[in-house]
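Inspection log for the structure reproduced underneath, given as structure tokens.
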Amino acid sequence: MTPQLDAAPDLAAPARFDTLPLDAKLQRAIGDAGYETMTPIQAKAIPIVLEGRDVMGAAQTGTGKTAAFSLPLLQKMLKHENASASPARHPVRALVLAPTRELADQVAVNVKTYAKHSNLRVACVFGGIDIAPQTAELKRGVEVLIATPGRLLDHIQLKNCQLNQVEYVVLDEADRMLDIGFLPDLQRILSFLPKTRQTLLFSATFSPEIKKLAQSYLQDPVLVEVARPNATATNVEQRFYSVADEDKRRLIAQILRQRDIRQAIIFVNSKLGAARLARTFERDGLRTAALHGDKSQDERLKSLAAFKAGEVDLLVATDVAARGLDIADLPAVFNYDVPFNAEDYVHRIGRTGRAGASGIAITLATRDDARLVGDIEKLIKKTITLETAELENDRPRRRRETEEAPAALNEPRPMAAPAAAPAPRPVRSRSSQDPFFDRPYEPDPKAAPVWEDSPAPVSPSAGVNPVSNPVHKPKRRIATLLGGKMPT
DNA sequence: AAAAAAC
């Protein structure tokens, strides 16, 4: 064998975590998690963070940015790990900010996993839930704090935590944290931190304007880019369909069946739209959950957990779910609405195709969406071909009188609408045009219980009829529902 | 045209 051939595999081999100068406690946790080799963003960013430099890191969705900042940050934190033994006040040493509560929670779960063999105390605070337990935890002292901006400001105001000795700040989804909606809160929070500190910004998307703005929050930063910013993950198949609004639901049903997709997130642009669409899929008997800002935090976390656990097949969500959420092996993402911001498109479809898996992203565009689709094309630098949706079963036959109606239709709908509520919409009149309703109903005895088993009405502020959930009807899995042929 | 983030 020639020396060249011997050398080649070594050069190509991805760097291993165990080559990093990380404490044995962290190495053990990495090993426990089953991680061996680093992703490109991890291989590049971790040594630079360890050096103490400010970093602006850009890498595609699903390539391990959380570990890229968490591991070196924890390494740096280890010098504080026995602060809990000291009777003095315990200042926060590292702060991680995230734009949504679910993402903050997820980051905290990750950081805690990496920190589990150390004595570091990691806490997470966000709004929508009882503040008292968070206050108690903060007062006992934490070294690493993960937070959403609003609740953190609350805690600052209440003097529940001391941020004047923060050494490390991470902005996860940094471009979002720096955008106009978050910037005032962010600036207030930063005003409580020491000027001398290490700042890390990570995202899959950075616009030129945000990049420039970000410079003012960084000192002599290193730009770590493993892909052109705004690049979509290469392992996600992207398709765009031109379709009328009223056909969108049927097209989704058709694609789910044709491509045998077992689970999907369906993104819509508004909370009301999410609540409504989720309700229609639910009426169709699909195991569906909704995730949007008009739901209680308890419902939001339950929706996400049920989806992650596979107890729910369709998650209808607003952009609250667009960024960062790591749902293992999610096969598909639908954009029921084209997102208003092209960046959000990159993040939405980044929920699939994570950690090297393949995924499919399907965007449904009406004729009014041409400009938004153009924006996406420009951002991701890929040519978009708008396909015309070929709807099967365009004129479904009417069910004959003698034929037994699907059980789903015969079941009494639990419409216990309060007297004040408007009458439920007449869903049945549309049923014969709806492929879903023409499916025979086969209860799946093995189907996992649906989390909504306790009444979880959509928030009235969402403007949806406050009918209680059809909870006692077993939900059908997509596979069961769509497994057979469509009626002709 | 919206969503998110505190009470």
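What you are looking at is a predicted structure, and each value in this text was computed from that prediction instead of being measured. Just so it is clear: chains get the letters A, B, ... in the order the sequence lines come, proteins before strands, and each one is counted from 1.
A:R300 comes within 4.0 angstrom of the backbone, heavy atoms only, and of no base. In this structure, A:G181 reaches the bases: a heavy-atom distance under 4.0 Å links it to at least one base atom across the strands shown. Residue contacts shown for A:D154 include a base, since a base heavy atom lies under 4.0 Å away.
For the pair A:R101 CZ and B:dA5 C1', the interatomic distance rounds to 7 Å; values are reported in whole Å. When rounded to the nearest whole Å, the span between CG of A:D319 and P of B:dA1 equals 17 Å. The distance from atom CD of A:E102 to atom P of B:dA5 is 7 Å, rounded to the nearest whole Å. Protein atom CG of A:L178 is 15 Å distant from nucleotide atom C1' of B:dA4, rounded to whole Å. Remark: C1' of B:dA3 and CG of A:D344 are 8 Å apart, rounded to the nearest angstrom. For A:D179 and B:dA5, the CG to C1' distance is 11 Å, given to the nearest whole Å. Between A:H347 atom NE2 and B:dA2 atom P there is a gap of 21 Å when expressed in whole angstrom units. Distance, A:F340 CZ to B:dA4 P: 13 Å, rounded to whole Å.
Contact between the side-chain N/O atoms of A:T318 and the OP1/OP2 oxygens of B:dA4 is found at a separation under 4.0 Å. For B:dA5, neither phosphate oxygen OP1 nor OP2 lies less than 4.0 angstrom from any side-chain nitrogen or oxygen of A:R176. Note on A:T100: every side-chain N or O is 4.0 Å or more away from OP1 and OP2 of B:dA5.
Among the nucleotides B:dA2, B:dA1, B:dA5, the one closest to the side chain of A:V320 is B:dA5. Side-chain proximity of A:H292 to B:dA1, B:dA4, B:dA2: nearest is B:dA4.
For A:N341 and B:dA2, a side-chain-to-base donor-acceptor distance below 3.5 Å is present, hydrogens and geometry of angles not being considered.
Checking side-chain atoms of A:R351 against main-chain N and O of A:T61 turns up no donor-acceptor pair under 3.5 Å.
A salt bridge does not link A:E102 to A:K302: none of the charged side-chain nitrogens sits closer than 4.0 Å to a carboxylate oxygen. One finds no salt bridge joining A:K248 and A:E246 here, because no Lys/Arg side-chain nitrogen approaches an Asp/Glu carboxylate oxygen to under 4.0 Å. For A:E143 and A:R121, the salt-bridge test passes: some basic side-chain N is under 4.0 Å from an acidic carboxylate O.
When the options A:D337, A:V338, A:D319, A:T318 are evaluated for a side-chain contact (heavy atoms from CB on, under 4.5 Å) with A:F267, the one that passes is A:D319.
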